[in-house]
Amino acid sequence: ITKETDVVVVGGGGAGLAAAVSAAENGAKVILIEKSPSLGGNTIRSGGEFNSYDPVRQPKIEMTKALIDELNEILNYNEAEFGDYAETLKTLKAQIKEYLSNGDTTKLFDSPELHAIHTYIGGKRTDLDGKEISGKFELVNTLTQNSYGTIEWLEGHGAEFQDGIGTVLGALWPRTHHNVEPLGTGYINAMKKSATDLGAEIMMNTKATKLIVEDGKIAGVTAEQADGTPVTLKASKGVVMATGGFGANSEMVVKYNNYWPDMNKNIKTTNTSNATGDGITMGEEVGANLWGMGFIQLMPSGQPGTGALSGGVWGSAETQIFVNKEGKRYVNEYAERDVLAAAALEQTDETFFIISDMTSLGNPDLNGKSVWGDNYQDLIKNKNIYMADTLEDLAKQMGVPADTFVAEMEKYNTYVEKQFDPEFGKKNFGAKLETAPFFATPRTPSVHHTMGGLEINEKAQVLDTAGNPIDGLFAAGEVAGGLHAGNRLGGNAITDIFTFGRIAGASAAGK
Ligand code: ADP
């Protein structure tokens, strides 16, 4: 098969579909190719959380004293320590002063500048060689200045957002939006419909293998269909790489990891098996610079053997405890993801159990399904989870010493009573764990998001190792590097893929 078009988009997740819609509405003829039999990639499996300031929804949310305290703390930050972000901090401080003296301090404060400072601080990390990294200012600034415009753009294409605003784990501020439809389905359905309506052609089961270079310009891709049919797609205006991350490519994960000491070669992932870093490999072959590849985000609580988020039961962080194979607690269960993952990796077999009871699970119907869609009875039968009426029996099923485990549970319940955890400093508690039946879900960290990738600029052009744009090559979403640096804030990935997907499509169309 040989075809000619203006723009080829590689990958049919959130970033690719947004790029296809955007290129098409900017007048380009578009072909999108997707290697799997379905659209959506990791985007459709994600929680769909979208961080943005919001002049419509946020003023309906109450400001709390804790958040006012945080704003006051920012007033003490020193511009001299903020590098490229100094001007942003200065603007933010002026906004905060104005808000505290003349604004309505009962209403939630937010701004693109606050989101930028959070993203900068949240992403600043040091790798195993001692090198510090933080998000490229022009990318972070582009993200936070355009996030609300992206919400309006998505709404214009049929995606519906809930009215409520939350704070997804690790988002650092109440600016997380959710679609009306569950997980990432709302975005994907809306984008797919718009792409098709705008005349973009979508080719499924078609895997890009190589970029075509002509006269120093990216001129298309070669691909292969699942049945072996070779495909050549010529693109007169450019190619948008939107192939997602490399979380499912354990060879690449182990090769590039420069954050986790002793990363296990057999580490699993929460990602689809299609997240194999194809776009990074294809980009590197044409001279693209790889940025921040060593930083890999682990989800502390993957299913042993599969890495999946599903296949277990638990409540929220306040209500549950984690114990190791020795039957002991080892961490503040309310901590951030990278802290929880690091602690889990130090336990025997890198494994722990999430302990919950009927109260912490919200008294579910045990003949029904969990929030992940698993049948409780199947989980029990398949030993994905253990259930028992006594803690002694639960310990026996888990294979941990019963006396230690029972004593640990009793001790934790006294911490709940006193609202004080002298061992691990947990500060937020739910009810005591004392309502049978009790549950244990075995878990181990798994790869969740790869922050590094093809270096892009604010127009989503891919840069070469000398820092110059590669003519005709664009990238957006998890395949791109430069934005999230060492740690991605919860809720920033969906904002990223749609904001930069939209930019990449427009850039490729020549806007
Ligand atoms: P993002 O969040 O950045 O959009 P996703 O994981 O949601 O990333 O989507 C990436 C999509 O790209 C997946 O559907 C995946 O199957 C697809 N993909 C990955 N590699 C290729 C390739 N070589 N050719 C075509 N599609 C690919």
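Both counts, for ligands and for their atoms, begin at 1 and track the order of listing.
Between Tyr85 and Phe137, the ring center distance clears the sub-6.0 Å criterion.
Annotation: ring pair (Phe, Tyr, Trp, His ring centres under 6.0 Å) contacts of Tyr187 (sequence neighbours excluded): Phe161, Phe498.
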Contact table, ligand 1 N/O with protein N/O, distance under 3.5 Å:
from: ligand 1; atom 1: 2 (O); to: Thr43; atom 2: OG1; distance (Å): 3.1
from: ligand 1; atom 1: 3 (O); to: Glu478; atom 2: N; distance (Å): 2.8
from: ligand 1; atom 1: 4 (O); to: Gly14; atom 2: N; distance (Å): 3.2
from: ligand 1; atom 1: 4 (O); to: Ala15; atom 2: N; distance (Å): 2.9
from: ligand 1; atom 1: 6 (O); to: Asn42; atom 2: N; distance (Å): 3.0
from: ligand 1; atom 1: 7 (O); to: Asn42; atom 2: N; distance (Å): 3.1
from: ligand 1; atom 1: 7 (O); to: Thr43; atom 2: N; distance (Å): 3.0
from: ligand 1; atom 1: 7 (O); to: Thr43; atom 2: OG1; distance (Å): 2.6
from: ligand 1; atom 1: 14 (O); to: Glu34; atom 2: OE1; distance (Å): 2.6
from: ligand 1; atom 1: 14 (O); to: Glu34; atom 2: OE2; distance (Å): 3.2
from: ligand 1; atom 1: 16 (O); to: Glu34; atom 2: OE2; distance (Å): 2.6
from: ligand 1; atom 1: 20 (N); to: Asp278; atom 2: OD2; distance (Å): 3.3
from: ligand 1; atom 1: 23 (N); to: Ala208; atom 2: O; distance (Å): 3.1
from: ligand 1; atom 1: 23 (N); to: Asp278; atom 2: OD2; distance (Å): 2.8
from: ligand 1; atom 1: 24 (N); to: Ala208; atom 2: N; distance (Å): 3.0
from: ligand 1; atom 1: 26 (N); to: Lys35; atom 2: N; distance (Å): 3.1

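No side-chain heavy atom of Lys193 sits less than 4.5 Å from a side-chain heavy atom of His157.
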For this session: For ring pair (Phe, Tyr, Trp, His ring centres under 6.0 Å), just list the numbers for Phe82 and Tyr120, CA-CA rounded to whole Å, side-chain angles, deciding distance to a tenth of an Å, and then say yes or no.
Result: CA-CA 9 Å; Phe82 276 73; Tyr120 164 67; 5.5 Å; yes
Problem set entry | CA sep, side-chain torsions, deciding dist, call: Asn205, Gln225, side chain to side chain donor-acceptor pair (under 3.5 Å) | CA-CA 6 Å; Asn205 299 304; Gln225 293 194 316; over 6 Å; no
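Ionic pairing of Arg125 and Glu132 is not present here: no N-O contact between side-chain nitrogen and carboxylate oxygen is shorter than 4.0 angstrom.
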